[in-house]
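These notes are about the structure you will find just below.
Atoms within each ligand, like the ligands themselves, are counted from 1 in listed order. Hydrogens, waters and symmetry mates are skipped; everything else that's a heavy atom, side chains included, is used.
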Amino acid sequence: MKTIAVLTSGGDAPGMNATIRAIVRTAVENGLKVYGVTRGYKGLIEGTMKEMDLRSVSNIINRGGTMLYSARCPEFNTPEGIQKAVKTCKDKGIEGVVCIGGDGTFRGAKDLSNYGGIACIGVPGTIDNDIACCDYTTGYDTALNTIVDIVDRIRDTTESHDRCAVIEVMGRNAGYLALNGGIAIGATSILIPEKEFDLDRDIIDRIKRAQKSGKEYFVVMVAEGCTDRLKEMGIDGVEALARYIQSRTGVEARHAVLGHAQRGGYSSAKDRIIGSRMGNRAVHLLLEGKTNRVVAMQKDEVVDYDINEALDMKKSIDLDLYRIAMEISI
Ligand code: F6P
């Protein structure tokens, strides 16, 4: 293998830059030519890329976002789109591609490999922590700390006014950010998609019980993945949930949707280190002639899986964490 490329696809995540840096430097140090493709699979289709050298990735290890930009690319889900991307690779002599992102990114890598014969390696990068084969995805730790930082601020004012703060956090269909964020800020109630919930039992009764013991302000943490179920219960979003809580408990309630603030900012040391380790492994897999693999973290070890196996795996959240949260945050 002489020439490889790296791209980031799907939602950006802090730590992606550390991963890119590790990939570029590992490639160059091992005698490979490496292209940085801009805007994910769209860039591969359109041939937008630049050759990277050791200095191209200077001073990015700390930065959030992705220096290669990212995009979601519906065209890449079509046979024509894949053919165009394969042609770009052939024209540039690219034999291997490292694709940083989530499950959707890995499906793209699989197609590029199966239909185009390009060696592809997936590297997890998403704040959602929802990659089944991976204990920790790059970006999750930073996002979690950002949530804690913002909610600590909201908690100050919530306490000053004896209010209830209802906070929606990201995570797509996964509740990792809500559950661990909820534990870290001491939320009275936490709603996650992985667990059935009942508004009276899990929010109203808990607030009333806490009130009886003297508690006067409350934080309710809601994963965005609960939105549909809340709608089925007649509650359209966290603003409506705040109104419901106020009407049922008499506690003045406010809501906040943390949104994309959770995705930005300087990445944590953990995300920089994990991103660096996984990026380095991805290039070594290519150098060993491997393809269709996903790099992952398991019990603080860097491992790799067949991409199909990785995509078929199911991740289950540790519900004992939920039990702990409910026991200690009343
Ligand atoms: O997958 C990362 C993520 O931030 C999810 O938590 C969220 O549901 C989604 O991306 C938002 O996507 P977009 O930035 O396209 O609105």
Side-chain angles (χ1 to χ4, degrees), residues 7-20 38-43 63-77 99-109 122-151 167-182 184 190-194 221-231 236-238 255-268 270-271 274-275 278 294 296-297 310-311 313-315 317:
L7 59 82
T8 48
S9 159
D12 63 347
M16 275 184 166
N17 279 326
T19 312
I20 295 166
T38 49
R39 298 181 177 82
Y41 293 112
K42 185 170 181 282
R63 281 170 43 201
T66 157
M67 69 168 292
L68 293 176
Y69 305 93
S70 192
R72 305 190 199 277
C73 178
E75 193 186 351
F76 193 72
N77 297 329
C99 308
I100 308 167
D103 277 350
T105 305
F106 300 161
R107 272 186 279 276
V123 180
T126 164
I127 65 164
D128 302 336
N129 199 31
D130 60 351
I131 307 290
C133 64
C134 196
D135 288 347
Y136 268 99
T137 61
T138 307
Y140 171 65
D141 183 63
T142 306
L144 189 57
N145 281 296
T146 303
I147 289 169
V148 170
D149 185 47
I150 301 174
V151 179
I167 317 276
E168 180 187 300
V169 297
M170 281 187 170
R172 207 177 284 279
N173 299 315
Y176 293 93
L177 289 170
L179 179 54
N180 287 302
I190 302 172
L191 303 187
I192 55 172
E194 293 86 348
M221 192 70 107
V222 183
E224 66 171 345
C226 295
T227 308
D228 289 348
R229 201 166 330 143
L230 281 169
K231 227 180 226 165
D236 195 0
V238 282
H255 75 283
V257 178
L258 299 196
H260 289 81
Q262 295 162 92
R263 275 218 323 240
Y266 290 118
S267 55
S268 68
K270 182 166 182 168
D271 281 336
I274 287 179
M278 292 203 289
V294 171
M297 295 302 297
L311 286 169
M313 287 165 85
K314 298 270 172 284
K315 191 168 188 173
I317 204 161

Residues passing the salt bridge (Lys or Arg N to Asp or Glu O under 4.0 Å) test with Arg39, sequence neighbours excluded, are none
Within the structure provided, determine whether Cys133 and Ile131 are in side-chain contact (heavy-atom separation under 4.5 Å). yes
Is there a donor-acceptor contact under 3.5 Å from the side chain of Thr142 to the main chain of Pro14? no
Whether Phe76 and Tyr41 hold their rings parallel, tilted or perpendicular, with breakpoints at 30° and 60°: parallel
Mind checking what makes ring-ring contact (aromatic ring centres under 6.0 Å, His included) contact with Tyr69, not counting sequence neighbours? none
What residue pairs, at least two apart or across chains, pass salt bridge (charged side-chain N to carboxylate O under 4.0 Å, His left out) with a residue in residues 128-145? Asp128-Arg172
Name each N or O atom in ligand 1 that is under 3.5 Å from a protein N or O, and give the partner atom and the distance.
residue, atom, partner, partner atom, Å
ligand 1, 1 (O), Asp128, OD2, 2.6
ligand 1, 1 (O), Arg172, NH2, 3.2
ligand 1, 4 (O), Arg263, NH1, 2.8
ligand 1, 6 (O), Asp128, OD1, 2.7
ligand 1, 6 (O), Gly171, N, 3.1
ligand 1, 6 (O), Glu224, OE2, 3.3
ligand 1, 8 (O), Glu224, OE1, 3.4
ligand 1, 8 (O), Glu224, OE2, 2.5
ligand 1, 10 (O), Arg172, NH2, 3.4
ligand 1, 10 (O), Arg263, NH1, 3.1
ligand 1, 12 (O), Arg72, NH2, 3.0
ligand 1, 14 (O), His260, NE2, 2.8
ligand 1, 14 (O), Arg263, NH1, 2.9
ligand 1, 14 (O), Arg263, NH2, 3.0
ligand 1, 15 (O), Arg72, NE, 3.4
ligand 1, 15 (O), Arg72, NH2, 3.0
ligand 1, 16 (O), His260, NE2, 3.4

